[in-house]
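Naming: A, B, ... by sequence-line order, numbering from 1 per chain. Being a predicted model, the structure only gives us computed values, none of them experimental.
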Amino acid sequence: MRMTKAFGKTLREAPADAEMISHQLLIRANYIRPLGAGLYTFMPLGYRVIRKIWDIMAEEMEAIDGQEMWMPNLHPAKVWQATGRWTEFGPALVKLRTESGREYALSPTHEEVVNDITLSDIESYRDLPRLVYHVSKKFRDEPRARGGLIRLREFIMKDAYSLDPSEDSMDEFYPSMYQAYLNIFQRCGVPTVPILADVGAMGGKSSHEFAVPHEQGEDTFIACTSCNYAANVDTAEFVREGQPPVDQAELKKMATPDCTTIAQVADFVGVPVSQTIKAIFYWNTPPGRLEKDGRFVFGLVRGDLEVNETKLVNALGGGELRPAIEDEIRAIGAVPGYASAVGLEVAPDINGGGIIVIADRSIENGGDFVIGANDEGYHYTGANYPRDFAISQMADIAQADTGHKCPNCGGRIEARRAIEVGHCFKLGTRYSEATGATYLDENNEPQLIYMGSYGIGLDRLMAVIVELHHDQDGIIWPDSVAPFDLHLMSLGKGEEVEEAADKLYVKLMGAGFTVYYDDRDASAGVKFKDADLIGIPLRVTVGARGLAQGAVEVKRRSSDERLMVPLDELVEYIPTTKEASY
RNA sequence: CGGGGUGUGGCGCAGAUUGGUAGCGCGCUCCGUUCGGGUCGGAGAGGUCAUCGGUUCAAAUCCGGUCACCCCGACCA
């Protein structure tokens, strides 16, 4: 590609609202252009990178017998209604109704489409197992797009779908996909940490997330400092430390004026925060119901811990969760700032009548707690479960955090921020059950099909690559995903130089290299700066100085070394500089 | 959804407190100059100041609504 014909140009300054380095560099270097919040155009250079990533994924998918196909992005409402996700998916699902009254969803993912095909094309155990994948656009009305290519409303995803005859078969296949994912990220120059994750809106029994540790990541995961335990904070377990007292103190009411926070109460009474119980209030709207038909939920955790809302919503059986408002809290007889389950009419279980109280197991790891008295300005001391109050259900709703005890080895865990680049789900029969997707086994018996789904965001991955591979001057693409192999430039105006560079351009392409050729009539400084910014791995500079000796300068973007290589040895020399695989 | 911030040529910004009809740098066009790390000089093109309404003789500037974009939070009573 001749730069004099290139569409778009580099920018000296990034737009002020670009915060992440990948966002700034990708815009400055002419890889992407914004259209709206979470919506980007891939410029020719950017699209080439996407295609490179795409190719790597295709190779790894083909290697495990995956077959590439191409599915629609406009989905009839009925396929989403069939699986129940027309309502269950939540507000992120983009729904549209045409003038003529037809209803569609804009693909946020493709389980429904794959499932629909299995209904017609998977009939026999002989048709299983199968693996299909495609790379296509996904649409999600994210509440907040952010970080350039990190969180988009329209994005590019490689999603694979496995179809198996049984759970065993699915489990047996899963590791090969897991390994393929590690290979893909490795080849893209992005080391990932596979972590246990929450299944969220996808449904199914378990999943792994592939996380890239990063300060500006939107995910938090927990990793053990002594063993290899790693899990998303929304699912991470930890050992609750602490014992209940041998002799329980008496429950006593105590005046605690102006103590509406855990810290204030603990300080006033003179106990550690772990000897208090924190009460938090939510409004839960069960799946498929309207908010007004929701229910009040009272959460309890030991005072030194935090509630994890994802864990809580899972304990409740799903749906939406939002903080309760003061009126709702008072309506059940609790007093904000001085609330507890003591004296409330507690439901016997999560579907029973009364107030639903979900308690974290941590309230059993301790005792003689300071707890609200549901009376303005008063707390109880010496509160113990179950002696002094009832709950509806005990669950794991507390958030794991740095310093907690590892559930696997007993070592210490720590919380880290990360960007999620891929996710593998064992969906099981979640979709086949909803739609009756079955096959006939050897005994002529209908059996449900087991599905797995495996996604990677290409644009997000591209941004992460830049986050990991750049310096002050610009991007430093790994060889594997660079938009071009070589950045060729001519220096100075001399006819001799121009001619030599033109010849070299043709020769290098003839030798099978992809070449970005800066043939502009620009000063040396401008060309060098742009080359550094764009970040093609290998730079070949043709100047009068070197030409006098029949040589050109070769420099890797990732190194400061410059080498003069004789013109007639260049084509042979280039492959020897390939960066070792990542 | 809540909180904070920002909207002025393609990009980065000033002008607003003290209303008087818009300016700088980069980029772009043309001429010359320079030619191995964003050369230098000159001449130009380009803006209903996000939008709607209000106050005023007069609004980028003051007041109100709306929209868009960015950041933080989606909790601890």
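- Comparing B:U39 with B:C49, their C1' atoms are spaced 34 Å from each other, to the whole Å.
- On the C1' atoms, B:G12 is 24 Å away from B:C72, given to the nearest whole Å.
- The residue A:Lys9 sits close only to the backbone: its heavy atoms come under 4.0 Å of sugar-phosphate atoms, none of a base.
- Relative to the side chain of A:Glu13, the nucleotides B:G38, B:G12, B:G36 differ in distance, and B:G12 lies closest.
- Judged by atom type and distance alone, A:Arg562 reaches the base of B:G37 through a side-chain donor-acceptor pair under 3.5 Å.
- Between A:Tyr40 and A:His23, the ring centre distance stays below 6.0 Å.
- Between A:Tyr338 and A:Leu533, the residue whose closest nucleotide on RNA chain B is further toward the 5' end is A:Leu533.
- A straight line from CG of A:Asp530 to C1' of B:G27 spans 12 Å, rounded to a whole angstrom.
- Between the C1' atom of B:G37 and the CG atom of A:Asp560 lies a distance of 13 Å, rounded to the nearest Å.
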Query - Evaluation steps, side chain to side chain donor-acceptor pair (under 3.5 Å), between A:Thr10 and A:Asn30 - result: CA-CA 5 Å; A:Thr10 59; A:Asn30 192 26; over 6 Å; no
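- Residue A:Arg12 places at least one side-chain N or O closer than 4.0 Å to OP1 or OP2 of B:G27.
- Judged by a 6.0 Å distance limit and a 45° cone about the ring axis, A:Lys405 is not positioned over the six-membered ring of A:Phe238.
- Residue A:Ala37 places its side chain closer to B:C69 than to any other of B:A74, B:C69, B:A77.
- Computed from coordinates, the A:Trp283 CH2 to B:A77 P distance equals 22 Å when rounded to whole Å.
- Nearest nucleotide to the A:Lys529 side chain, out of B:A74, B:C70, B:G37: B:G37.
- Contact annotation for A:Ile262: backbone-only contact, meaning every heavy-atom pair under 4.0 Å involves sugar-phosphate atoms and none involves a base.
- As judged by a 4.0 angstrom heavy-atom cut-off over every strand, A:Ile329 is placed among the base-contacting residues.
- Taking the six-membered ring wherever Trp is involved, the centroid distance between the rings of A:Tyr31 and A:Trp477 falls below 6.0 Å.
- Contact annotation for A:Pro143: base contact, defined as any heavy-atom pair under 4.0 Å involving a base atom.
- Note on A:Ala279: a base of the nucleic acid sits closer than 4.0 angstrom, heavy atoms only.
- With a cut-off of 3.5 Å on both Watson-Crick or G-U wobble distances, the partner of B:G25 is given as B:C11.
- Note that A:Arg153 lies outside the cation-pi zone of A:Phe155, set by a 6.0 Å cut-off to the ring centre and a 45° limit from the axis.
- Spacing between B:A77 and B:A16 at atom C1', rounded to whole Å, works out to 43 Å.
- To the nearest whole angstrom, the two P atoms, one in B:U33 and one in B:G42, are 16 Å apart.
- Closest to the A:Lys493 side chain, of the nucleotides B:G36, B:A77, B:U34, is B:U34.
- Put simply, A:Ser523 has no side-chain N or O that comes within less than 4.0 Å of OP1 or OP2 on B:C35.
- Annotation: salt bridge (Lys or Arg N to Asp or Glu O under 4.0 Å) contacts of A:Glu345 (sequence neighbours excluded): none.
- Nearest nucleotide to the side chain of A:Arg146, out of B:C75, B:G36, B:C71: B:C71.
- The CZ atom of A:Arg545 sits 8 Å away from the P atom of B:G37 (whole-angstrom rounding).
- Taking the C1' atoms as reference points, B:U61 lies 13 Å from B:U55, given to the whole Å.
- Protein atom CD of A:Glu215 is 16 Å distant from nucleotide atom P of B:C71, rounded to whole Å.
- In this structure, A:Asp521 places its CG atom 15 Å from C1' of B:G38, rounding to the nearest Å.
- The base of B:G36 lies outside donor-acceptor range of the side chain of A:Arg539, with no N or O pair under 3.5 Å.
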Report task. Begin with the C-alpha distance, continue with both residues' side-chain angles, and end with the deciding distance and a verdict on side chain to side chain donor-acceptor pair (under 3.5 Å) for A:Lys527 and A:Ser490. Result -> CA-CA 9 Å; A:Lys527 291 190 173 189; A:Ser490 61; 3.2 Å; yes
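- If you check B:A77, B:G36, B:C13 against the side chain of A:Ala16, the one that comes closest is B:C13.
- A donor N or O paired with an acceptor N or O is not found under 3.5 Å between the base of B:G2 and the side-chain atoms of A:Arg144.
- Judged by closest nucleotide on RNA chain B, A:Arg153 is the one of A:Asn308 and A:Arg153 placed further toward the 5' end.
- For A:Phe528, taking side-chain heavy atoms from C-beta onward, the closest of the listed nucleotides B:C11, B:G36, B:U39 is B:G36.
- Closest to the A:Ala524 side chain, of the nucleotides B:G36, B:C70, B:A77, is B:G36.
- For B:G73, the paired nucleotide is B:C1, the pair qualifying as Watson-Crick or G-U wobble because both relevant distances are below 3.5 Å.
- The pairing partner recorded for B:G19 is none, the criterion being a Watson-Crick or G-U wobble arrangement whose two distances lie under 3.5 angstrom.
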